[in-house]
Amino acid sequence: MSQRNWKRRLLSAIAIATAAISTHSHAQDTSGLEPVEVLVFQQDSGALTEPGPSPTSPSEAPAASSIVESQSPIAEPVVDPSTYSDPYASYSAPCTCCANGCCTKKKKEAAMAKMKGAYQGVFYANDFSYLDDPCYDGPSFFGDSLKGMFNGTLDVGGEARVRYHNENNHRGLGITGNDDNFWLTRYRMFANWRLSDNLRFYGEYLYADSGGELFNNRPIEENRGEAQNLFLEAQLTDNLSVRGGRQELLLGAQRLISPLDWANTRRTFDGVRATYANKDGSIDAFYTHPVKRTAAYEDKWDATNQDVQFFGAYMTRKDTWLGQWENYYLGLNNDTTNFDYHTIGSRIVGKTDSNWLYEYEGGTQFGTNSDGTDHSAGFFTGGLGRQVAMTSDWKPTFWFWYDYASGGDDELRGGDGFDHMFPLAHKYLGFMDLFGRRNIHDINAQFITPFFGEKVKLVLWYHYFMLDEKTTPFNVVMNPSNPGNAAGDRELGHEIDVLFQIALNPRNSALIGYSHFNSGKYYSTTAGVQDLDADFFYFQYQTRF
């Protein structure tokens with residue numbers, strides 16, 4: 001690298017670092033609430049970062065397609081590859097034949113596609129090697145000069161996100177009767193340093209804040225300064241890598257394991273993970289502890305929750321006759337509340353030659369409840385979709401879904417109610433986040449279409465919710481909404497979600513959404529609940545650099 005380019009990149013790094021420090025130092029603790037993360041399009045997993053169905057990517061690799069398109073929050077079935085982008089891939093050597101026209105149209109399109117998918121659902125899987133591809137002739141973006149520094153060994157970058165919420169009758173968890181308006185802001189900064197061909201260090205800082213609210217914020221909305229990722233990763237062989245330290249987990253369609261990007265704070269774990277990956281698929285094995293979230297403490301970093309163990313194995317096979325096929329075992333033990341759950345499940349996703357789209361995921365859960373009783377539960381999701389060519393330029397996608405999770409009694413760690421562990425609940429069971437994946441039937445349908453051009457996508461999603469057992473619904477943090485009062489009826493109600501996903505460019509995106517919940521007979525016939533409808537309007541802007 002020439003001395004001139006080195007100086008230019010160093011000055012750019014200093015400028016961005018100064019801006020980030022300035023932003024941090026002027027952030028105000030307006031409410032003492034936890035920071036809320038802003039919704040943003042998630043590129044890597046094929047979904048928007050959470051306003052819509054959660055991004056679906058099996059491990060950390062970019063997904064070929066997901067229940068939501070790569071820059072849209074909600075949309076097609078996820079066909080995620082199982083291997084992540086190679087963190088050790090060095091930047092391409094200078095082209096020796098470009099003068100003779102070696103950069104074909106196909107190679108240029110491949111470089112452009114790599115640019116669009118550079119950011120993943122977990123930033124440690126980001127891939128900026130397109131910047132040194134001699135066949136890349138696309139646009140440049142703010143922050144490009146911070147990639148491939150020091151002879152291609154160091155990438156620095158981040159994300160800034162802001163989201164506005166207007167919540168009617170559901171501030172808090174569930175139907176509460178409370179109204180609120182507030183702003184959520186989130187900043188992320190990362191550094192990926194390739195120490196050698198076989199060793200890298202990755203660190204990521206997160207700052208999440210909220211402001212303007214009347215009521216206490218949710219636990220996922222504020223965290224003023226946190227090490228989100230901090231690990232060493234060693235490439236032991238061409239196919240086997242081991243990572244130890246603080247790390248986010250994103251597996252499959254994120255129904256059970258997700259960093260929860262819709263939340264302002266994002267979820268993370270401390271532990272070790274080994275990955276074996278080749279062209280046919282991958283196998284991940286991990287043993288971790290979730291990280292405790294300390295709300296609004298500027299002088300205290302979040303600690304490991306040693307009382308909870310989360311471990312398992314996740315296998316992905318690509319291009320089988322069924323499509324992409326995933327199988328997994330997940331274990332969750334809690335020494336404080338004295339329960340242990342074990343989940344065995346599978347997922348199949350694909351597309352037929354006639355453009356039919358399909359996805360299935362289901363599993364069984366067993367173990368011991370807090371009261372010593374046996375635990376036996378399960379869940380199932382099935383979806384069938386199709387992209388229809390209405391005209392030569394208009395090709396909307398239709399999806400029909402059924403979601404089920406077993407119920408039981410109204411005790412959180414008792415009975416046979418399914419426990420969804422660490423999911424991206426926001427993506428699947430309604431954008432208002434009224435219900436968790438337990439004691440639930442959800443019959444739902446999606447319509448996804450470009451809207452006045454390819455940069456804007458409209459998502460319409462209808463849900464009809466019912467209880468499985470006539471007890472109580474559970475919220476997204478697995479707490480019973482109305483314990484002790486038997487349900488008067490199983491019908492919870494209807495939700496309609498309207499979302500516009502706006503891709504301003506590959507590094508800047510926006511979301512505009514409105515949701516309405518029409519309460520069902522459960523609310524009008526059950527003691528202890530308010531019979532209310534609810535509304536949710538939000539706007540989000542996100543930029544990455």
Side-chain angles (χ1 to χ4, degrees), residues 9 12-13 16 40-49 55-66 68-73 78 80-92 103 106-150 152-161 187-194 200 202-204 228-229 233 248 250 259 261 266 277 454-455 501-510 541-545:
R9 291 188 173 185
S12 297
I16 288 182
V40 181
F41 293 113
Q42 204 155 334
Q43 255 176 327
D44 95 286
S45 47
L48 203 130
T49 63
T56 66
S57 63
S59 50
E60 286 119 24
S65 86
S66 79
V68 188
E69 218 173 338
S70 56
Q71 287 196 2
S72 90
V78 176
D80 352 89
S82 61
T83 62
Y84 12 102
S85 46
D86 184 358
Y88 306 104
S90 59
Y91 288 76
S92 305
C103 288
K106 184 177 181 180
K107 290 182 178 180
K108 289 182 178 181
E109 289 175 347
M112 186 70 72
K114 207 165 189 181
M115 176 274 289
K116 292 179 179 179
Y119 284 86
Q120 300 295 305
V122 283
F123 280 180
Y124 56 75
N126 291 350
D127 180 6
F128 301 103
S129 59
Y130 75 91
L131 289 169
D132 282 345
D133 187 336
C135 294
Y136 176 68
D137 59 359
S140 58
F141 301 99
F142 178 72
D144 283 357
S145 60
L146 300 179
K147 311 302 185 293
M149 295 187 294
F150 301 106
T153 63
L154 177 64
D155 297 331
V156 174
E159 172 193 274
R161 189 178 81 177
Y187 308 95
R188 296 164 66 188
M189 291 291 296
F190 68 84
N192 185 41
W193 185 14
R194 290 169 286 276
R200 71 157 169 162
Y202 181 85
E204 184 177 331
Q228 187 67 19
N229 289 279
E233 182 171 358
E248 296 175 332
L250 189 161
D261 189 63
R266 289 180 67 98
E454 292 298 322
K455 287 192 174 183
Q501 301 172 354
I502 305 166
L504 302 171
N505 62 39
R507 299 292 180 265
N508 294 270
S509 61
Y541 171 74
Q542 172 182 289
T543 183
R544 290 171 171 175
F545 54 88

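Below, each value reflects all heavy atoms present in this structure, side chains not excepted, and no hydrogens, waters or symmetry copies.
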Roughly how far, to the nearest 0.5 Å, is the CZ atom of F123 from the CZ atom of R544?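 Answer rounded to 0.5 Å: 4.0 Å.
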Nearest 0.5 Å please: distance from the CG atom of D133 over to the NZ atom of K107. 9.0 Å
I would like to know whether F190 and Y124 meet side chain to side chain contact (heavy atoms under 4.5 Å, CB included); could you show each step before the answer? CA-CA 8 Å; F190 68 84; Y124 56 75; over 6 Å; no
Do you know which two heavy atoms are closest between [X] and [Y], and how far apart they sit?
X: K455; Y: L504; result: NZ-O, 3.4 Å
X: D144; Y: S140; result: OD2-CA, 3.4 Å
X: R507; Y: A118; result: NH2-CB, 3.7 Å

Pair Y541-N508, side-chain donor/acceptor within less than 3.5 Å: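 A pair is found: one side chain offers a donor N or O, the other an acceptor, under 3.5 Å apart.
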With a 4.5 Å heavy-atom cut-off, do [X] and [Y] have their side chains touching?
X: M189; Y: E159; answer: no
X: D155; Y: R194; answer: yes
X: M115; Y: P139; answer: yes
X: R266; Y: Q228; answer: yes
X: K147; Y: V156; answer: no
X: N192; Y: R200; answer: yes

With ring centroids as reference points, do F141 and F128 lie under 6.0 angstrom apart?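 No: the rings miss the under 6.0 Å criterion.
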Ring-plane angle category for Y136 and Y130, please: parallel below 30°, perpendicular beyond 60°, tilted otherwise. perpendicular
Please check this pair: side chain of Y119 against backbone of A125, looking for a donor-acceptor N/O pair closer than 3.5 Å. no
Using salt bridge (Lys or Arg N to Asp or Glu O under 4.0 Å) as the criterion, list what pairs up with K108, not counting sequence neighbours. D137
